Amino acid sequence: MKRVLAAALVVTVSACGGEEGGSWNSAEDSAAGALVETSASLAQPSPTFIPRPTGVCPEFQDGTLTFRPAGIPARSVRIWMSDAARTLDGPLVFYWHGTGSSPTEATTGIGAAQIEAIKAQGGIVAAPARDPAAGTFPWFYVSSTSRDDDFRVADEVLACAIQKIGINVSRIHSMGMSAGGLNTTQMSYRRSGYIASVATYSGGRSSTIPTQDPTNRFAAMIFHGGPNDQVVINFQTVSTNYYNDLRSKNQFAMLCNHGRGHTIPTDARAAVWQFLQAHPFGTVPSPYAGGLPSTMPSYCRR
């Protein structure tokens, strides 16, 4: 068994502006250092919910790889990783881009500094490309179809990562912005069997979503841009709906109104990475239940 560093992101973020940047400071290094532990000390998903490969797995390396889940078209996925993954079982972060964007949007939504931190811990960032069959929006469930293709791709990435390189299954996360944020919301419920925690930028919940594992009280950091955060739908409203639904189920959620409309709050990326590190699978109660750390954005509330 490879050594495990306690930090993992499954990221999903969509396309919508934002600049590079987002430096890593000593306070965050200390917080991350305090979280270093072995996999045996963390709760883990039930083996029932951990997928197995259904197609031939590619060899893992940094770059664009092709995954071939059985029964659906092959899909390209941009992978960020380093040689550290060969000796450390790190986090897996899924990142779902927004309408009109591409998988490389992860460098804006997660931040270059945070991606480097994930890679250094032996982790992987995985940003799938869209299937044009999804329609106007990049992801099937966001386009109101019943096809589970996008999450079958995620399952295959996870299964192949376990088979080929090894990850910390307690640290699977997702992020996304706009259409990607909506898809992250979908994933948080539909793959709650293995999702540890999520962050959404202008995502949210507009209707009931089936929950894969109701016993997993995953945590969520939910951002919106205020009343002007509207493209087709009002993201302030659906983000608040998501927050309220999780709170009604005694799950930890933060609601963060950055007030800048339909944009990625690039000032918050280091805080998102800190939040995900603090919320591996099965973290109940949240370490933030008694109050948010000073490193969280001032516009966030529990």
Side-chain angles (χ1 to χ4, degrees), residues 4-14 18-37 42 78-82 84-85 88-97 104-127 167-168 170-177 180-181 184 187-188 195-203 218-223 252-254 256 258 263-281 283 286-288 292-300:
V4 179
L5 285 181
L9 288 172
V10 182
V11 182
T12 332
V13 180
S14 81
E19 70 254 17
E20 274 309 305
S23 60
W24 186 250
N25 63 40
S26 59
E28 289 153 349
D29 276 330
S30 298
L35 288 169
V36 175
E37 37 191 334
L42 298 176
R78 177 62 167 94
I79 297 291
W80 284 264
M81 60 176 288
S82 72
L88 297 171
D89 286 334
L92 172 59
V93 180
F94 288 98
Y95 183 103
W96 307 94
H97 69 73
T104 58
E105 175 38 50
T107 60
T108 299
I110 302 172
Q114 285 66 245
I115 290 176
E116 288 304 312
I118 294 164
K119 289 164 58 177
Q121 295 183 5
I124 297 169
V125 173
I167 66 155
N168 184 344
S170 297
R171 298 190 171 278
I172 304 170
H173 311 270
S174 184
M175 294 175 62
M177 157 71 187
T184 288
M187 189 178 193
S188 69
I195 285 290
S197 49
V198 302
T200 59
Y201 303 138
S202 298
F218 62 85
M221 191 172 186
I222 303 165
F223 291 85
F252 183 81
M254 294 167 57
C256 305
H258 59 76
T263 60
I264 294 171
T266 54
D267 63 300
R269 294 177 300 190
V272 170
W273 169 229
Q274 181 183 350
F275 170 83
L276 294 173
Q277 290 184 97
H279 292 87
F281 189 88
T283 302
S286 166
Y288 298 174
L292 300 182
S294 62
T295 46
M296 292 295 108
S298 60
Y299 49 76
C300 292

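What you see is a predicted model; the values in this text were computed from it and never measured. Count residues from 1 along the sequence.
- Using a distance-only test at 3.5 Å, with no hydrogens or angles considered, a donor-acceptor pair links the side chain of Arg171 to the main chain of Gln277.
- Looking at every heavy atom in both residues, Leu88 comes nearest to Ala120 through CD1-O, 3.7 Å.
- Nearest heavy atoms, Ala106 versus Ile115: O-CD1, 3.8 Å.
- Put simply, CG on Asn168 and CD1 on Ile124 are 11.5 Å apart, with the number rounded to the nearest 0.5 Å.
- The aromatic rings of Tyr288 and Phe275 sit tilted, their planes meeting at an angle between 30° and 60°.
- Panel note: side chain Ser197, backbone His279; a donor-acceptor pair is recorded below 3.5 Å.
- Put simply, the side chain of Ser82 gets close to the backbone of Lys119: a donor and an acceptor are under 3.5 Å apart.
- Note that CD1 of Ile172 is 6.5 Å distant from CD1 of Ile195, once rounded to the nearest 0.5 Å.
- Figure legend: Arg78 and Trp80 shown as a cation-pi pair, the cationic atom lying under 6.0 angstrom from the six-membered ring centre and within 45 degrees of its axis.
- Counting all heavy atoms, side chain and backbone alike, Pro287 lies closest to Ala278 at CG-O, 3.5 Å.
- Between Gly181 and Thr200, the closest heavy-atom pair is O-CG2, 3.6 Å.
- Atom OG1 of Thr283 is separated from atom CG of Leu42 by 7.5 Å, given to the nearest 0.5 angstrom.
- The heavy-atom pair separating His258 from Thr263 by the smallest distance is NE2-O, 3.3 Å.
- Taken to the nearest 0.5 Å, the CE atom of Met221 stands 8.0 Å off from the CG atom of Leu292.
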- Met187 and Val198: CA distance, side-chain angles, deciding distance, side-chain contact (heavy atoms from CB on, under 4.5 Å) verdict: CA-CA 9 Å; Met187 189 178 193; Val198 302; over 6 Å; no
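- Here the OH atom belonging to Tyr201 is positioned 10.5 Å from the OG1 atom belonging to Thr108, to the nearest 0.5 angstrom.
- Remark: Ile222 CD1 to Ser188 OG distance equals 8.5 Å, nearest 0.5 Å.
- Using a 4.5 Å heavy-atom cutoff, the side chains of Thr266 and Arg269 are in contact.
- Closest approach of Pro280 to Ala196, counting heavy atoms only: C-CB, 3.6 Å.
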